[in-house]
Amino acid sequence: MLKKSTKTHRPYVLATVMLAMFMAAIEATIVATAMPAIVAELGDFSLYSWVFSSYLLMNAVTVLIYGKLSDLYGRKPVLTFGIIIFLIGSILCGLATTMGWLIFFRFIQGFGAGAVMPIASTIVGDIYTKEERAKIQGYLSSVWGISAIMGPAIGGLLVEFVSWRFVFWLNVPLGILAIIGLYLFLHEKIAKKKPSIDYGGAVLLTLSVTSFMFVLVEGGVRWEWISLPIVSLVSLSILSLIVFILFERKVEDPMMPFELWKQRSILIANVTSLTTGVILIGLSSFLPTFVQGVMEEKPIVAGLTLTTMSIGWPIAATIAGRAILKIGFRTTSILGGISLILGSVIFTMLNSSDSPIFAASGSFLIGVGMGLTTTAFIVSIQSNVEWNKRGVATATNMFMRNVGSTIGAALLGGVLNSQLISFLSRRGIEDELNLDSTTILLDPNQQQQLSEEKRNLLQEGLSYALNSVYWVVFLFAVLSFILIFLLPKKDKG
């Protein structure tokens with residue numbers, strides 16, 4: 001029987017934190033692998049990107065609130081709450097019967113997920129020194145490698161031999177183990193403060209991002225770009241953002257502490273995290289669709305092309321942990337920026353005759369880029385703020401990456417839908433084939449029922465649309481590289 005102790009056991013806490021992060025990381029790769037099967041069963045291909053956008057939106061909006069709550073009440077209770085909500089959402093996602101319900105349940109799952117990654121990283125910032133943190137962040141990133149090897153493989157096997165629903169239910173035992181570990185091994189001494197949570201800021205930000213997402217997803221698809229709904233939503237998004245910024249400057253404890261952004265290194269790290277978030281979602285959301293729909297490979301092969309990204313990520317993060325101490329944050333980040341560009345170039349060149357290995361190589365390079373940049377940014381930010389701001393500072397950086405992924409899922413989903421519609425219209429076959437026809441390509445049984453001509457046309461259209469998506473990803477990789485160059489040459493802290 002374990003004795004109750006008030007001492008924090010660092011190795012055990014690290015293992016628990018890695019388990020919680022593994023749960024969130026495997027969710028990302030495993031759902032992307034299962035998405036072609038999900039949309040093939042539930043239909044509504046036009047809602048494809050909303051499955052990612054809904055999750056990412058709630059993740060992005062809540063991440064700052066969780067960061068603030070963790071500074072007030074401690075990391076353990078807030079992370080525990082987040083895991084519980086995440087597990088409830090996961091169970092419900094596995095029970096979804098329509099795309100609409102799945103999207104709603106993903107909102108719930110994202111509401112809990114907002115606590116997991118930033119607070120897990122913040123706990124490490126609390127219990128390890130700056131020199132140790134650089135090394136430990138590499139260990140944390142190795143979680144992505146383990147989940148990447150297991151996630152797509154397990155996802156592919158579950159989809160092929162059991163059901164896609166189990167990809168969500170897999171989270172339950174992992175979450176329960178993480179909660180047990182937190183309560184056994186992490187002990188905090190928190191000076192209790194009167195809570196001051198910026199709910200007004202959260203509502204304004206949610207309103208701004210959500211209305212903008214609707215514009216990106218539905219513009220040119222459901223509504224014309226110059227139409228009353230689009231103009232109204234754009235106006236609402238801009239107005240909400242302006243009011244949010246003004247509100248945050250006056251409120252006592254803002255969810256977005258803009259004074260942190262006055263430091264150049266934090267400002268650039270946060271803005272670059274937004275652009276890399278677009279790149280990340282562009283790869284993880286749409287690569288399995290290309291490999292299965294255009295290359296006609298099995299779900300497990302599609303999953304393995306994503307695996308290489310998450311192998312490259314921890315390898316690069318481990319190297320970054322050591323490189324930061326020798327060559328600094330800026331040079332480490334520049335190397336990451338170069339890798340992001342090289343990886344995105346490969347995706348712009350993909351076509352149906354290419355081997356999945358070629359797609360996997362681009363995925364690996366993107367992973368290397370993400371590993372180098374994210375590790376450098378997190379260690380740099382945590383080294384520049386005090387304990388009572390470390391939770392919200394870490395959360396702010398992850399918030400920006402999540403916002404990038406949220407906007408990216410909507411933007412790239414909109415590009416995919418509009419380009420596919422444009423292709424079908426130019427070929428004069430919009431009456432015979434539409435967006436939902438694409439789901440046939442993602443179901444091997446239905447695919448065989450298509451005539452060769454229609455199958456070729458759909459594959460050509462999907463390839464054309466996804467190629468457009470990856471050109472947008474390339475532009476964001478170039479923008480990320482330019483921003484990284486603006487980082488200060490001398491590191492502080």
Side-chain angles (χ1 to χ4, degrees), residues 5-27 59 62-87 112-144 146-147 171 174-193 260 314 317-318 321 374-399 401-402 493:
S5 169
T6 56
K7 182 183 177 183
T8 290
H9 300 274
R10 295 203 309 176
Y12 297 134
V13 172
L14 178 60
T16 299
V17 162
M18 289 174 73
L19 181 62
M21 293 180 79
F22 176 77
M23 179 185 70
I26 200 171
E27 192 277 341
N59 194 328
T62 56
V63 74
L64 291 172
I65 295 175
Y66 285 129
K68 184 68 180 175
L69 286 171
S70 77
D71 287 339
L72 290 170
Y73 297 113
R75 321 306 185 197
K76 181 162 66 175
V78 178
L79 180 54
T80 301
F81 175 80
I83 292 173
I84 290 170
I85 299 298
F86 180 83
L87 295 185
V116 180
M117 298 302 284
I119 296 181
S121 294
T122 304
I123 289 171
V124 170
D126 291 342
I127 64 177
Y128 291 97
T129 64
K130 177 195 170 185
E131 290 72 24
E132 290 173 321
R133 282 201 297 271
K135 182 179 176 183
I136 297 299
Q137 286 291 345
Y139 290 157
L140 291 186
S141 293
S142 70
V143 169
W144 292 90
I146 298 167
S147 69
N171 293 320
L174 301 178
I176 291 171
L177 285 173
I179 291 170
I180 292 170
L182 280 175
Y183 275 84
L184 286 178
F185 306 121
L186 178 61
H187 304 281
E188 302 173 296
K189 291 180 181 177
I190 307 299
K192 295 291 182 183
K193 301 176 185 176
L260 291 175
T318 303
T374 54
T375 305
F377 293 161
I378 289 293
V379 176
S380 172
I381 288 168
Q382 291 184 345
S383 300
N384 279 279
V385 294
E386 298 172 354
W387 185 94
N388 64 344
K389 289 185 179 178
R390 192 175 292 145
V392 73
T394 304
T396 298
N397 182 256
M398 294 193 177
F399 161 80
R401 192 169 80 205
N402 288 344

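Owing to the predicted nature of the structure, the values given are computational and were not obtained by experimental measurement. Heavy atoms only: backbone and side chains are in, while hydrogens, waters and symmetry mates are out.
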What distance do [X] atom [atom1] and [Y] atom [atom2] have between them, rounded to the nearest 0.5 Å?
X	Y	atom1	atom2	value
L177	T16	CG	OG1	9.0 Å
T80	L182	OG1	CG	5.0 Å
I176	L19	CD1	CG	11.0 Å
L174	F22	CG	CZ	6.0 Å

Can you name the nearest heavy-atom pair linking [X] to [Y], along with the distance?
X	Y	value
G82	A115	CA-CB, 3.7 Å
G175	M23	CA-SD, 3.5 Å
R401	T374	NH1-CG2, 3.1 Å

Show your working on side chain to side chain contact (heavy atoms under 4.5 Å, CB included) between F86 and N171 and close with a plain yes or no. CA-CA 9 Å; F86 180 83; N171 293 320; 3.6 Å; yes
Sort out for me which residue in V78, I85, L79 forms a side chain to side chain contact (heavy atoms under 4.5 Å, CB included) with F81.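 Among V78, I85, L79, the one that satisfies the side chain to side chain contact (heavy atoms under 4.5 Å, CB included) with F81 is I85.
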